[in-house]
Amino acid sequence: MLLVKGKILFSLGLALIFGSLAHAQEEEVSFEMKLSREKLGINERLRVEFTMNKDGDNFNPPAFEGFKVVMGPSQSISSSWINGKRSFSKTYSYILLPTARGRFTIKQATIEIAGETYKTLPQTVEVTAAVDKPDAEKTVDDVADENLHLVAEVSKGNPYLNEAVTVVYKLYVSPNISVTNYRPLDNPTYNNFWSQDIPVTKHTAQNGTYQGKPYRYVILKRVVLYPQKPGKLEIEPLSLEIFVDVPTNRRDFFGGRIYTQTTKTVSAGRRTINVKPLPEAGKPLNFGGAVGDFEFSVTASKNQLNASESLQAIVEVSGKGNLKLFQLPEPELPSALEVYEPEYEEKVTTYTSGMEGAVSNNYTIVPSFRGKYPIPSISFSYFNPASEKYVTLNSEEINIEVLDGPVGSSPNNAVVGTPSKQLVVPTGKQFHFIKIKPNLTQIGTDHFFGSNTFYMLLFAPLLLIPIAVFSFKKREAIASDVMGNKIKKANKLARKYLSTAKKELGNKEAFYVALEKGLHNYLKAKLKIETSEFSKEKITQILTDKRVEVEDVNGFIDLLKSCEMARYSPFSDVQMQNDYEKASEIISNLDKQL
């Protein structure tokens with residue numbers, strides 16, 4: 001009987017082993033392409049999925065001839081164990097938009113699995129005329145694509161060389177979705193341009209239209225460009241990763257619409273501007289590259305002075321244009337005037353329309369001889385893009401009169417040329433009379449007794465003893481104040497961690513760790529409780545008992561929650577800056593109430 005049972009168990013074991021081997025042999029690698037439809041209108045979308053039952057590498061999609069990829073690839077992985085059996089599926093998805101009518105073949109895709117290359121079978125799709133009601137179901141990514149647009153608005157597409165061009169980057173968002181955050185992926189480099197960013201202090205949503213439909217938009221970035229060479233110049237695109245909440249057709253228990261979060265990468269696209277060269281006709285000989293609308297002046301701080309005194313001559317250009325990108329003209333001064341290197345001064349502000357302000361050279365002039373010296377009129381030329389003409393401005397002639405000083409070799413001293421240093425001319429005051437009553441002092445040995453040093457050393461101990469006694473008692477009182485020392489130490493740590501948080505702005509993890517420590521140590525100092533006793537409920541209760549305003553209590557708790565959420569959610573630099581400023585404000589408010 002036992003022998004029969006043993007044979008039966010042995011047979012069952014062999015059956016299970018061979019069954020599992022047979023199952024392992026049956027589970028072959030599959031890699032296939034699935035189409036949402038084989039026939040569609042030119043205004044409909046096609047969803048293409050490449051699915052495999054084992055994980056692979058080096059996925060290579062087909063070229064999708066006759067279609068434009070509007071979304072993808074998006075990747076999804078499904079893995080589960082059911083009754084001891086593992087089920088695995090990995091899918092690459094694309095959303096395609098037809099570009100023409102006709103029959104198109106979606107060719108093979110390839111992938112490497114366990115060292116072997118697998119290919120899908122090609123499939124044919126027929127694209128017909130547009131249908132009245134496209135019935136392709138839109139995914140969350142489709143909705144985000146249709147309702148989210150990043151646009152680079154260029155003020156001028158055909159500017160002159162060195163004429164200001166403003167680029168404003170706007171993010172248009174449809175009322176159908178909401179944006180929770182964004183992160184820059186690739187900032188453009190403005191080659192062949194002089195560029196100046198204009199900071200955007202507040203991201204305020206405004207109402208507008210995009211392609212004839214109502215949208216809300218936010219200005220994310222503004223930059224002023226001055227092209228530095230003529231011809232076709234490209235402005236590289238700005239790319240952002242946007243975190244979006246998209247509504248679905250599902251409802252929650254209370255009837256509210258359920259939202260799904262997704263991330264989208266949007267780009268403003270490349271923009272090309274055609275830069276016109278400045279005209280050669282009518283270009284002045286002294287033209288130095290100034291483009292805009294300017295005023296020009298040469299002024300002197302004084303017109304009359306004595307030899308060896310100084311005056312200031314200021315050559316200034318003011319107005320609107322490329323103020324930082326040209327050289328100021330130099331005055332021609334008489335050779336009898338000694339001129340120092342000019343001091344350059346710049347008072348320029350960059351607005352969205354370009355640079356405005358003034359630039360100037362300040363010359364220090366020192367005359368050496370008596371006489372009259374004219375500073376001749378000098379000219380400044382610029383190109384005005386509004387009138388498309390060159391303009392030349394001339395300064396007024398300035399006459400400098402030196403009233404007192406030596407007489408030079410020339411009767412009028414009005415020689416104009418390169419400024420140079422002059423020879424010293426005797427004035428009759430080089431020699432002085434010998435003093436009849438000299439102020440002589442006796443040379444002798446200083447005596448220590450009765451000197452200032454003697455009395456200082458004598459009375460110093462009398463002054464130092466009370467100071468030492470007072471300092472000792474003060475240190476003893478401070479050392480005995482254990483609680484006060486703890487509070488000072490905690491305050492010092494709070495300042496330290498807030499300072500560390502400020503230094504770590506832009507580094508999410510380090511910033512929020514330092515901010516959380518700073519907040520905890522501040523409460524430890526104020527409420528005199530140990531760190532181990534901290535919890536949000538207890539903090540709320542204690543602050544409420546201390547009659548702290550509800551708004552400040554909630555703000556403090558929200559900061560702690562932000563520190564916790566930062567470990568799992570993406571936070572932008574703007575949000576980190578806002579949290580830091582909010583922490584400083586909350587601590588300031590609590591100091592006034594505790």
Using side-chain hydrogen bond (donor to acceptor under 3.5 Å, both in side chains), reason through Gln312 and Thr364 one step at a time and then give a plain yes or no. CA-CA 5 Å; Gln312 308 297 319; Thr364 300; 3.2 Å; yes
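Every pair passing salt bridge (Lys or Arg N to Asp or Glu O under 4.0 Å) that includes a residue from residues 165-184 is listed here, sequence neighbours excluded: Glu153-Lys170, Arg183-Glu241. Residue pairs meeting the salt bridge (Lys or Arg N to Asp or Glu O under 4.0 Å) criterion with at least one partner in residues 187-213, sequence neighbours excluded, are Asp197-Lys221.
In this view, Pro188 and Tyr169, Tyr190, Glu236, Leu238 satisfy the side-chain contact (heavy atoms from CB on, under 4.5 Å) rule, not counting sequence neighbours. In this view, Thr265 and Leu185 satisfy the side-chain contact (heavy atoms from CB on, under 4.5 Å) rule, not counting sequence neighbours. Partners of Glu65 according to the side-chain contact (heavy atoms from CB on, under 4.5 Å) rule, which considers only residues two or more places apart in sequence or in another chain, are Ala63, Lys107. Remark: Tyr382 pairs with Phe294 by the ring-ring contact (aromatic ring centres under 6.0 Å, His included) rule, at least two apart or across chains.
Here Tyr94 and Phe64 bring their ring centres to under 6.0 angstrom of each other. Centroid-to-centroid, the aromatic rings of Phe287 and Tyr390 come within less than 6.0 Å. Residues Tyr512 and Tyr580 place their aromatic rings such that the two centres sit no closer than 6.0 Å. In this structure, Tyr217 has its ring center no closer than 6.0 Å to that of His149.
For Glu345 and Asn362, the side-chain atoms include no donor-acceptor pair closer than 3.5 Å. In this structure, a donor-acceptor pair under 3.5 Å is absent between the side chains of Tyr226 and Gln196. A side-chain donor-acceptor contact under 3.5 Å links Ser379 and Asn286.
The aromatic rings of Phe326 and Phe380 lie tilted to each other, with the angle between the two planes from 30° to 60°.
A 4.5 Å side-chain heavy-atom check between Val218 and Thr204 finds every atom pair outside the cut-off.
Residue Val151 comes nearest to Ala268 through the heavy atom pair C-CB, 4.4 Å, listed as atom of the first residue, atom of the second, then distance.
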